[in-house]
Amino acid sequence: MPDLAIVNGAISPLEAAVIPATDLAFLRGCGAFETWRSYGGEPHALGLHCQRLWSSAAIFGIEPFVSERELRQWLRQAREQHGYTEVKVNAVCSPGDHHEGVFGARNPRLVLIIRELHEPPSSWYETGVDIITWLGERTFPEHKTVNYLCGVPALAKAQASGAHEAIYLDAEGRLSEGVTSNIHARFGMTVRSPLHQCLDGITRRGIASIAQEMGLTWDEQGALRPGDLLAADEVWISSAIRELVPVVRIDGQQIADGRPGPFCQRLRQRYRSQCLDDALAEASACV
């Protein structure tokens, strides 16, 4: 069964998909992107991902040119070809082909890359992961753009250290987000999840709602610093594919007892169940 690409509605095997060399996402690094996964074969939170995609794309002068309904039609057509049970989708929106000046473009382009979803290793959830800190931040941190240059050395350091993720640290010592995730820390019955200079993750929103249903207070205003994580009862990172992953060490130092805490697994289980219900309901409402 093939991985697929959809370029402005045209479906092809992934290895056969092409864009012009003059595409501004390639030529100038101008573009927005989103990543989502399916539950029960249906895309999760597609409406929210579309909203955020177009919000990010507006930075580059791109107005919405594909509706959520059209996207669902493309994905359903692709499903008939790939046959995967669950998929991971990377969507990249470009201003189109270079036309004039430095950033002038025409014919905006939306590319969907569709691959079979492979669930993350169970060890991440059973024993937890390590993270490191990295001085820096993304360009346009409140949006998802294809400019991830700052993340390259950060993740390289993480990999060299045997860590799973790198968390951006600003000049004042505040943590913002991971290169590919949001970060959260539980102190008793309060979860601190900063929104300073970071993306308001869709997974983050879903986890927050469930956490509050479980009686936890969700605090988005306070800052988090590396020392705070060492004093926390639990630390987690979240993203669409990984959902919620426990963190047990930061910069080589152990957090709490060095094992995943009691809330993470419960939150993830309830989140997964909610995602399945939501994905199926959204698909039925947008036939």
Side-chain angles (χ1 to χ4, degrees), residues 3-11 14 17 19 23-39 42-79 86-97 103 105-115 117 137-151 177-182 195 197-208 238-243 275 278-279 281-283 285-286:
D3 293 338
L4 299 176
I6 306 176
V7 182
N8 280 2
I11 303 174
L14 180 56
I19 62 170
D23 186 284
L24 277 193
F26 168 75
L27 195 63
R28 301 276 190 261
C30 296
F33 83 98
E34 283 291 322
T35 299
W36 65 79
R37 59 156 293 174
S38 66
Y39 290 88
E42 300 291 349
H44 173 252
L46 185 59
L48 292 176
H49 283 288
C50 285
Q51 291 174 21
R52 196 169 65 181
L53 177 68
W54 298 125
S55 176
S56 299
I59 297 172
F60 306 103
I62 308 170
E63 296 183 358
F65 60 93
V66 178
S67 69
E68 177 187 347
R69 185 176 298 276
E70 288 175 299
L71 274 181
R72 287 188 183 275
Q73 291 173 346
W74 295 359
L75 292 168
R76 285 168 180 160
Q77 291 168 4
R79 188 177 181 184
E86 303 290 4
V87 297
K88 169 186 175 180
V89 180
N90 299 108
V92 179
C93 183
S94 160
D97 303 325
F103 296 109
R106 57 187 175 189
N107 304 321
R109 182 172 289 113
L110 180 61
V111 178
L112 305 184
I113 299 170
I114 304 171
R115 300 186 178 97
L117 176 71
E137 66 178 20
R138 289 189 299 111
T139 303
F140 302 119
E142 295 176 356
H143 297 281
K144 288 179 78 75
T145 75
V146 297
N147 186 343
Y148 259 54
L149 185 59
C150 185
E177 61 181 355
V179 175
T180 61
S181 64
N182 285 124
L195 273 180
Q197 292 294 298
C198 70
L199 187 74
D200 182 7
I202 291 170
T203 303
R204 176 190 176 283
R205 296 185 208 174
I207 294 294
S238 63
S239 68
I241 306 302
R242 291 168 291 191
E243 299 167 334
C275 286
D278 289 347
E282 291 160 6
C286 195

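Worth knowing before you read on, the calculation uses all heavy atoms, side chains too, and leaves out hydrogens, waters and symmetry mates. Sequential numbering from 1 along the given sequence is applied to the chain's residues. The structure displayed is predicted, hence computed values, not measured ones.
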(request) Begin from the C-alpha positions of W74 and V66 and carry the test side chain to side chain contact (heavy atoms under 4.5 Å, CB included) through to its verdict. (result) CA-CA 11 Å; W74 295 359; V66 178; 3.8 Å; yes

(request) Taking all non-hydrogen atoms of both residues into account, name the closest pair between T145 and F33 and its distance. (result) O-CE2, 3.3 Å

(request) Please round to the nearest 0.5 Å and tell me the distance separating atom CG of L110 and atom CD1 of I6. (result) 9.0 Å

(message) To the closest 0.5 Å, what do you measure between CD1 (I113) and CG (D3)?
(response) 9.5 Å

(message) Closer than 3.5 angstrom, by distance alone: can the side chain of E282 be matched with the main-chain N or O of A45 as a donor-acceptor pair?
(response) yes

(message) Regarding S94 and D23, do their side chains bring together a donor and an acceptor under 3.5 Å, going by distance alone?
(response) yes

(request) Side-chain contact test, heavy atoms from C-beta onward, threshold under 4.5 Å: evaluate it for F103 versus C30 and give yes or no. (result) yes

(message) Using only atom types and a distance under 3.5 Å, with no angle test, would you say the side chain of S38 pairs donor to acceptor with the backbone of V87?
(response) yes

(message) Could you measure the distance from the CD1 atom of I11 to the CD atom of Q77? Nearest 0.5 Å is fine.
(response) 5.0 Å

(request) State, to 0.1 Å, how close R72 and A283 come at their nearest heavy-atom pair, and which atoms those are. (result) NH1-CA, 3.8 Å

(request) Examine distances only and state if a side-chain atom of N147 and a backbone atom of L149 form a donor-acceptor pair shorter than 3.5 Å. (result) yes

(request) Anything under 30° is parallel, anything over 60° is perpendicular, the rest tilted; go ahead and classify F65 against W54. (result) perpendicular

(message) Under the rule for ring pair (Phe, Tyr, Trp, His ring centres under 6.0 Å), what residues qualify as partners of F60, not counting sequence neighbours?
(response) none

(message) Could you go through H49 and I202, starting from their C-alpha distance and side-chain angles, then the distance that decides it, and tell me whether this counts as side chain to side chain contact (heavy atoms under 4.5 Å, CB included)?
(response) CA-CA 8 Å; H49 283 288; I202 291 170; 3.4 Å; yes

(request) Enter the distance from C93:SG to E34:CD here, rounded to the nearest 0.5 Å. (result) 10.5 Å

(message) Tell me the closest heavy-atom pair linking H143 and S56, and the distance in Å.
(response) CB-OG, 3.3 Å

(message) Looking at every heavy atom in both A32 and A57, which two are closest together, and how far apart are they?
(response) CB-N, 3.7 Å

(request) Without swapping roles, check the side chain of T203 against the backbone of A240 for a donor-acceptor pair under 3.5 Å. (result) yes

(message) Please determine whether a side-chain nitrogen of the Lys or Arg among E86 and R115 lies less than 4.0 Å from a carboxylate oxygen of the Asp or Glu.
(response) no

(request) Could you tell me whether D200 and R52 make a salt bridge, using a distance below 4.0 angstrom between a side-chain N and a carboxylate O? (result) no

(message) Between S55 (side chain only) and Q51 (backbone N and O only), is there a donor and an acceptor less than 3.5 Å apart?
(response) no

(message) To check you understand the geometry: which heavy-atom pair defines the closest contact between A17 and A5, and what is its length?
(response) CB-CB, 3.5 Å

(message) For Y39, give me all partners under ring pair (Phe, Tyr, Trp, His ring centres under 6.0 Å), at least two apart in sequence or on another chain.
(response) H44

(request) Starting at CD1 of I241, measure out to NZ of K88 and round the result to the nearest 0.5 Å. (result) 5.5 Å

(message) With a 4.5 Å cut-off on side-chain heavy atoms, are P43 and L75 touching?
(response) yes

(request) Could you tell me whether a side-chain N or O of N182 sits under 3.5 Å from a main-chain N or O of R204, the two making a donor and an acceptor? (result) no

(request) Show your reasoning for whether side chain to side chain contact (heavy atoms under 4.5 Å, CB included) applies to L112 and L71. (result) CA-CA 9 Å; L112 305 184; L71 274 181; 3.8 Å; yes

(request) Taking the side chain as every heavy atom from C-beta outward, state whether E243 and R37 have any atom pair closer than 4.5 Å. (result) yes

(message) Any side-chain to backbone donor/acceptor pair from R138 onto K144? Under 3.5 Å, distance only.
(response) no

(message) Determine whether a donor-acceptor pair (N or O, by modelled atom type, separation under 3.5 Å) exists between the side chain of E70 and the backbone of S67.
(response) yes

(message) If we ignore hydrogens and angles and just use 3.5 Å, is the side chain of E177 paired with the main-chain N or O of C198 as donor and acceptor?
(response) no

(request) For A78 and L4, work out which heavy atoms get closest and say how close. (result) O-CD1, 3.5 Å

(request) Measure the CD-CG distance between E68 and L53 for me, rounded to the nearest 0.5 Å. (result) 12.0 Å

